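What follows is one structure encoded as structure tokens, with my remarks underneath.
What you see is a predicted model; the values in this text were computed from it and never measured. Residue numbering restarts at 1 for every chain, and letters A, B, ... go by the order of the sequence lines.
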Amino acid sequence: MVQQDPAPRSDWIVEVAGVDKSFAGVHALRGVDFRLRPGEVHALIGENGAGKSTLIKVMTGVYRPDAGRIRLAGEDRAFRNPLEAQAAGISTIYQEVNLVPLMSVARNLCLGREPRRFGLVDLRAMNRLAAETLKRYGVDVDVSRPLGSLGLGAQQMVALARAVQIDARVVVMDEPTSSLEPREVETLFSVIRDLKRQGIAVVYVSHRLDELYAVCDRVTVMRDGAVVHTGEMAGLDRLRLISLMLGREMSTVRAKGATAFGGEHERREGVPALRATGLTVRHRVHGVDVDIHRGEVVGLGGLLGAGRSETAKAITGALAADGGTVEVEGTALARRSPAAAIKAGVVMLAEDRKTEGILPNLSVRENISLALLPRLARAGVVSQAKQDEVVRFFMERLRIKASGPDQKVSDLSGGNQQKVLLARWLCLDPKVLLLDEPTRGIDVGAKAEVQALIDELAEQGLGVLLISSDLEELIEGSDRIVVLKDGRAVGHLQGDDVTEQAVLDTLATAGPDGEAEAAGAEGAAGAEEPGGSTRAVSAAGGTVAADDERPQDRAGSAGRAVTKEEPR
Amino acid sequence: MTPTTWAGPDLLDRARLTRLLQAYGVYAALVVLFVVAAVLDGSFLSAGNVRIQLFQVAPTLMVALGMALVIGTEGVDLSVGAVIALAASVVPLYIGYGAPLAVLVALVFGAVSGAVGGTMVAFARIQPIVATLSLMIGLRGVAELINGNSAKPVSDSGLLSLGSDGFAGVPLMAWIAGVCAVLTALLVRRTTFGRQLVAIGDNRQASKLAGLPVRRVLVTVYVLSGVLAAFAGAMIVGHGAEADPANQGLNMELNAITAVVVGGTPLTGGRVRVLGTVAGALFMQLITAVLTQHNVHTSYTQLVEAAIICFAVYASQERGTR
């Protein structure tokens, strides 16, 4: 499947050949070849764990490869650290800006190369230089302000300007647009085109396909630590690109696969158990509507970064929503917090088991009964008998393998930890269960058990929202699927339409016009979204907004205006 | 039944030993210290000496109990020594209305300062060490504003008896500290609040997602610490028959942290060992007393204490990394 590029060797600015890298026996990269021409914008894409970041880190000296070699402009190089790579001309701009937030913008820009006068830093020259440089990047700010006081977008531009200034020959951008406003994205693109003209090669990592098609010349697709495709961006249609990323051939759409899910569930009509309308989280989710009835499993489909987890978190209040309402059985939630959601009967199994789930040093018993404690207590004193009863019931019901309720939860396997967390939520007797990657990182046996459990729960009348990157699991587990893309609901599949083909098609096609429409609406809604990361942008948008304040209390009218009508 | 080699518990298993040391080390050390001290010096076990030790350890233990709760939430409360000074400055003002009211006012002051510290930690998300450090400095100032810079004699009989009377041969202060220890242990083990406190210390984000009232619990924990410290302050005033905010409660925050740490409560939160804290406080009290009574120079005593603290932290760390 790997297509070779015909160009002669001398044309490459970077050549990565046969690179292997493994961590504790896990292969992160396997025989990876990756080549970069001067002046090209090269998209590097793949799902989570495909090896993109490892490859970048190998190229930029963060990791040293176990095997294979890296050439820069035809010379073998072995960078020992990122500084060496930077000195050789490979600059990286990470998602999180890695500059010094308390220093001034100008200082950050000129760090290590300050203009000097009589041996001292010439502040005036430095500030003038910085202001001139940044103006070219569309950032018009007082360069003597601390960098940290700028919006994230502007900070990223400063990072970019700095990277380019250090005589970069290659600039690696890891999700550069994830925190940018639409206007800032435009500025970024024009900067990238400028880099191209200067013959600088750009590696562009992003999950937003439209951006890739807008700005990239060539593309490399990775999956499971290997390169599965390299070629011209224009020659690759969206559907093919997505199926390459997900590792699914378009033809292999199976009706019944290897998961433990049963057939469809009987959806209870009437008032939905959960109705979320116009959910909006700045940069992440733009006016998503989701209905979940009792007795059905609703899938949230989409690629990484499409806003699936954020949607679930915004529903429970774990993530502060900028707009939208959530109704549980017809009653709107007045307060939005995990506590309020739990009280109303909406619980969420979070994606990250370690940081958002388990209490590692506490026992299985404590972990299961965590959220239930107030209900087990009388006058603040926990009833041990009731607690034991609940814990025993759920340990049996979910077949949690532990030496006993007193075992420390971090000693259990991933699958059993996940079951403990499921028990934590199920013992609350919820109405709606939001599952974010319920089977990720657990063994096959536990996976089947969890899938069967989801089925059973829906059967019993629970409303379930299922987020899964495992397409098979999503298709077979869900009765309906809402497909998200770039934070918007772009498709709604039900009945016989719930197929891999349909999901792939939706992801591939539901782009341009929906996108255009949405972009237009967002422009109009600009006044509502206080993006204003830089003064320049703020002024242009006619908004006077605090620089990087989260607009938590803004109404969601902007988000709702953006919402595309979905066929029901 | 196939004959197999009998695999008994391997007592020399390193991991197992570590675990035993962590679980029971402080108690064993306390017993050993007690025995050694008694063998070296017959008068060590005399009623008089034991009473002196109990008088001295009681206020430290009170403060350490509150500190253990705070440390259980992955925090620390450096303001407790200053709260003692605050209590010492307030008590003389209200002692005219009787000891109960004066102590009550002191407790209210302790609660308020705890609430201030807790609010800084829970709502403003200032690191506990910084929040309570600022409180520590500020409260000493407040105490001086209230009291001036001089020690004031206290002669109220109620307060004096709180500080020096005994019941069944054991100082009243020790009884109170003991009851507080039992209540704290029950609080931690049996109540919703106690379990939530530990959960928050273990994983704040997960606790929040599980709907726990994280901020309320945090503020309450610091309030409890403040109240316990204020009570300790009243005891110290009663015991010394004078209120001396400039000198009372000095270094108390460090003694309390030492007791908690030696008692096996990890500074990383998620676990509170109340009985261990009691043993830790007793151990530090006794080791200092024994060394002093055998005329070991203070500088050596301090070195020994430093070594003990290092060892205790090292031992409790191994639990974390498993």
Side-chain angles (χ1 to χ4, degrees), chain A residues 312-313 316-319 335 337-363 365-384 386-387 408-411 417 420-421 424-425 427-428 430 434 436, chain B residues 15-16 18-19 22-23 71-74 122-123 125 182-218 220-221 224 264-273 316-322:
Chain A
K313 283 187 166 172
T316 63
L319 193 65
R335 280 190 62 233
S337 70
I342 288 167
K343 210 163 165 204
V346 180
V347 299
M348 177 184 69
L349 184 77
E351 180 181 14
D352 191 333
R353 211 159 45 225
K354 267 222 173 69
T355 63
E356 302 182 317
I358 62 166
L359 310 171
N361 291 304
L362 299 189
S363 64
R365 183 206 323 270
E366 305 270 7
N367 270 280
I368 290 179
S369 61
L370 180 69
L372 193 68
L373 283 174
R375 299 188 206 172
L376 292 172
R378 186 180 287 173
V381 177
V382 179
S383 159
Q384 307 286 299
K386 277 198 222 166
Q387 187 183 31
K408 217 159 90 167
V409 82
S410 53
D411 291 342
Q417 287 183 7
V420 165
L421 293 178
R424 176 189 293 171
W425 301 121
C427 73
L428 295 169
L434 313 178
D436 196 351
Chain B
R16 194 185 149 86
T18 311
R19 228 174 309 131
Q22 281 163 359
I71 288 178
T73 65
E74 210 177 350
F123 288 89
R125 302 213 78 168
V182 172
L183 289 178
T184 308
L186 287 176
L187 184 78
V188 170
R189 288 186 200 178
R190 290 277 185 262
T191 66
T192 310
F193 171 78
R195 298 327 296 161
Q196 291 182 334
L197 172 172
V198 172
I200 290 166
D202 202 24
N203 191 338
R204 182 163 170 173
Q205 177 66 7
S207 300
K208 186 164 178 257
L209 289 178
L212 268 57
V214 174
R215 292 168 169 177
R216 198 176 75 207
V217 170
L218 284 176
T220 312
V221 165
L224 282 176
T265 300
L267 285 170
T268 44
R271 175 142 204 206
V272 178
R273 292 185 64 184
S316 75
Q317 251 177 0
E318 280 208 320
R319 181 191 301 116
T321 53
R322 250 185 310 136

Given that the side chain runs from C-beta out, which part of [X] has a heavy atom under 4.5 Å from chain B: side chain, backbone, both or neither?
X: I358(A); value: backbone
X: A318(A); value: both
X: L362(A); value: both
X: K354(A); value: backbone
X: T355(A); value: backbone
X: E356(A); value: both
X: Q384(A); value: side chain

(Q) Do R271(B) and N361(A) make a side-chain contact, defined as non-hydrogen atoms from C-beta onward lying under 4.5 Å apart? (A)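 Of all side-chain heavy-atom pairs linking N361(A) with R271(B), none is under 4.5 Å.
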Q.
Which heavy atom of L370(A) sits nearest to which heavy atom of A210(B), and what is that distance?
A.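 The answer is CD2-CB, 3.5 Å.
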Chain B contacts, top residue of [options] (heavy-atom pairs, under 4.5 Å):
options: S383(A), G380(A), S337(A); answer: G380(A)
options: G317(A), A340(A), P338(A); answer: P338(A)
options: A339(A), A371(A), P360(A), G357(A); answer: P360(A)

Q) For the side-chain contact (heavy atoms from CB on, under 4.5 Å) test, which of V381(A), V382(A), L376(A) pairs with T192(B)? A)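 Single pass found, and it is V382(A).
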Q | Pick from Q196(B), R204(B), R195(B), K208(B) with the largest number of heavy-atom pairs that fall under 4.5 Å of chain A | A |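 Counting heavy-atom pairs under 4.5 Å, the top option is R195(B).
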Q.
Nearest 0.5 Å, please: how far is CG in N367(A) from CG in D202(B)?
A.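 Answer for the CG-CG pair, D202(B) versus N367(A), is 7.5 Å.
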Q. Is it the backbone or the side chain of L209(B) that comes under 4.5 Å from a heavy atom of chain A, or both, or neither?
A.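 Looking at L209(B), backbone and side chain both touch chain A.
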